[in-house]
Amino acid sequence: MNSPWRPWIDGKEAGSSTPRALINPATESPCTDVVPAGTAEVEAAVTGAHRAFRGGWRDLAPGKRAGILRAVAAKLREHEEELAKLETMQMGKAIADSRDEAGGAAGVFEYYAGAVTRLYGATIPVSRGGFDYTLRQPMGVVAAIVPWNFPLLIACWKVGPALAAGNAVVLKPASFSPLTAILLGQLASEAGLPDGVLQVLPGPGGSIGDALVGHPLVRKIAFTGSTEVGSHLMELAAKGIKRVSLELGGKSPNIVFADADVDQAAASSPMSVFANTGQDCCARSRIFVERKVFDRFVAGFVAATKALRIGDPLDEATQAGPLVSANQREISEAFLKEARGLGRTVLAGGDRPRPKGFYLNPAVVTGVEPADRIWREEIFGPVVCIRPFDGEDAMLEEVNASPYGLSASLWTNDLKRAIRVSNRIESGVISVNCHNSVHLDAPFGGFKTSGLGRDLGMEALANYTEVKNVYVAP
């Protein structure tokens, strides 16, 4: 294993600053060292990416660009187990989930390799005659700033379509989880991606992120993270009129009607919020249950929650591991302490199951009121609140009162209701009778303060291009 891990710039390791220890959240012990990027590395990465973009990548025939992306996908397939173990080591993700993520990362490159030659312009009949057509052209250097909860997968969500469209990318992984991003850069170089087309800068998010957004050669910022940081980056980007796509926070609802398969909803819903130890912006952490089946649902949900396997993330049977840091666990504990102080009921969890590691048993809270912080605010930990509802209209008003609008689940066997309610929920991604938020072929993103723009699908590819209109006189 590389130690220390370094920034990946122009096809080689870079950086000379003092290494910092990366902590394994399952053991609370250092697992490797990482050399953070600094101002010099930011400048080298951006100028190198700009040089590579203008030096041939943007003008490479689409079929050849597709071939390189397929080679990157194949290289990721070869290294799936290595990538999975690094992911588990750096952020505590259950190994089964890390393997899914590594496989999904390769799938992203496979998809966009196939999409390269399907990025079409249009011909437009104009009133003055002649020939009018549009081109979709790459923007230039894209700064991709990604979070620690799905480090490799979300990096690929941005890098894949950006490269497919002909851009160069400077990838900034989170400080907690830089290893798979650095390895992605290395493997892409091995697969034949030209030097400089993908640069990777580990290090502090505030200084590096701000420097990337403010750099005059960066044309677009693609960010996934908190709403607060997204707002800050958007403000910085406005000074240079830079293109921005943001996938931000969520406080997603899970709505269960009495006519649904209540037992199935109760049995499956815990993993809609506790998967990845609740560290997921799509987590269905607000559950609305029609009152006549409320007690039945809660009983089933609590039983399923208590049956979850929380433990060593390298154990094949583990369903959820530790949180990424001590601070992340303390945030969840503070919300639970406040809820108990208000007289709310914690039916399960909220305790620490192990003396070592940043573990917290999944917590189920009832008796909450709409004004409670635990009901309104994103926690990003294994905490869920459940409330009963009576009328559909009042419930939807409460659902949509949230400033967030990323994901939602809806359980009903009434097709008309499913369509009607889905149309009224103010969220970008809605699942009916399941909790599947993400589909590689379909757009993913949020309404309101959950962001703007979309990852995945052909919409993401279009979002990494500028549209040019050309008119040829008759």
Side-chain angles (χ1 to χ4, degrees), residues 157 224 227 245-276 278 280-294 296-298 300-301 368 370 375-376 378 384-460 462-463:
W157 287 3
T224 294
T227 296
S245 58
L246 306 171
E247 195 268 284
L248 306 176
K251 190 71 174 178
S252 298
N254 181 10
I255 303 164
V256 182
F257 284 94
D259 72 313
D261 186 333
V262 175
D263 296 331
Q264 181 188 358
S268 66
S269 288
M271 287 304 283
S272 77
V273 61
F274 300 136
N276 210 38
D280 183 353
C281 49
C282 290
R284 274 65 164 175
S285 54
R286 293 187 300 154
I287 304 182
F288 297 77
V289 183
E290 196 164 5
R291 191 177 300 275
K292 65 180 72 173
V293 295
F294 181 79
R296 177 180 163 194
F297 176 89
V298 170
F301 185 96
V368 296
W375 179 253
R376 292 184 293 107
E378 184 175 38
V384 69
C385 298
I386 312 177
R387 273 175 50 79
F389 73 87
D390 294 301
E392 181 181 305
D393 289 340
M395 177 270 294
L396 284 169
E397 185 174 340
E398 187 174 341
V399 164
N400 291 331
S402 172
Y404 298 109
L406 184 56
S407 298
S409 288
L410 166 63
W411 292 82
T412 179
N413 284 322
D414 183 331
L415 179 59
K416 289 183 178 180
R417 172 184 285 146
I419 294 171
R420 180 178 68 248
V421 174
S422 295
N423 286 343
R424 292 181 62 188
I425 296 172
E426 295 172 353
S427 292
V429 182
I430 298 174
S431 307
V432 178
N433 294 331
C434 67
H435 304 292
N436 300 325
S437 296
V438 177
H439 306 274
L440 176 54
D441 321 79
F444 174 81
F447 288 14
K448 300 186 286 188
T449 62
S450 287
L452 54 88
R454 292 295 182 266
D455 287 317
L456 301 179
M458 292 300 290
E459 285 198 37
N463 285 340

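Positions are given from 1 along the sequence.
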- Item | OG on S402 to CD on E426, rounded to 0.5 Å | 9.5 Å

- Query: Which atom names give the shortest non-hydrogen contact between G249 and E378, and what distance separates them?
  - Reply: CA-OE1, 3.4 Å

- Message: Please check: side-chain N/O of R454 versus main-chain N/O of E247, any donor-acceptor pairing under 3.5 Å?
- Response: no

- Query: Are a donor atom and an acceptor atom from the side chains of S431 and N436 found within less than 3.5 Å of each other?
  - Reply: no

- Could you go through the ring pair (Phe, Tyr, Trp, His ring centres under 6.0 Å) check for F257 and F288 one step at a time? CA-CA 9 Å; F257 284 94; F288 297 77; over 10 Å; no

- Message: For R424, is there an ion pair with D393 - N to carboxylate O distance below 4.0 angstrom?
- Response: yes

- What's the shortest heavy-atom distance between S245 and G453, and which atoms? CB-CA, 4.4 Å

- Query: Does some side-chain heavy atom of V262 sit less than 4.5 Å from a side-chain heavy atom of W411?
  - Reply: no

- Message: Could you measure the distance from the CZ atom of F389 to the CD atom of E290? Nearest 0.5 Å is fine.
- Response: 4.5 Å

- Message: Among V432, L410, I430, exactly one meets side-chain contact (heavy atoms from CB on, under 4.5 Å) together with V421. Which residue is that?
- Response: L410

- Between G278 and A283, what is the shortest heavy-atom contact and its length? O-CB, 4.3 Å

- Query: Can you name the closest pair of heavy atoms from K448 and P403 and give their distance?
  - Reply: CB-O, 3.1 Å

- Task: Side-chain contact test, heavy atoms from C-beta onward, threshold under 4.5 Å: evaluate it for R284 versus S437 and give yes or no.
- Result: yes

- Query: Just wondering, do F301 and V384 contact through their side chains at under 4.5 Å, heavy atoms?
  - Reply: yes

- Smallest heavy-atom separation, R376 atom then P370 atom, equals CG-O, 3.1 Å

- Task: Say whether, by atom type as modelled, one donor and one acceptor occur between the side chain of D259 and the main chain of T412 under 3.5 angstrom.
- Result: no

- Is any side-chain heavy atom of V429 closer than 4.5 Å to a side-chain heavy atom of V438? no

- Query: Considering only heavy atoms from C-beta outward, does the side chain of I386 approach that of V289 to under 4.5 Å?
  - Reply: yes

- Does the side chain of R286 come within less than 4.5 Å of Y404's, by heavy atoms? no

- Query: Atom CD1 of I255 and atom CD1 of I425: how far apart are they, to the nearest 0.5 Å?
  - Reply: 4.0 Å

- Taking atom types as modelled, find out whether S269 and N254 have a side-chain donor-acceptor pair closer than 3.5 angstrom. yes

- Query: Just wondering, do L456 and H439 contact through their side chains at under 4.5 Å, heavy atoms?
  - Reply: no

- Would you check, one step at a time, whether the test side-chain contact (heavy atoms from CB on, under 4.5 Å) holds for L406 with F444? CA-CA 9 Å; L406 184 56; F444 174 81; 4.2 Å; yes

- Query: Just how far is it from atom CE of M395 to atom CG of N400, taken to the nearest 0.5 Å?
  - Reply: 9.0 Å

- Message: If I take atom NZ from residue K251 and atom CH2 from residue W375, how far apart are they, to the nearest 0.5 angstrom?
- Response: 8.5 Å

- Query: Between S407 and C282, what is the shortest heavy-atom contact and its length?
  - Reply: OG-SG, 3.0 Å

- Note on the structure: When rounded to the nearest 0.5 Å, the distance separating CG of D455 from CG of L246 is 10.0 Å

- Query: With a 4.5 Å limit on heavy-atom distance, are the side chains of V273 and I287 in contact?
  - Reply: no

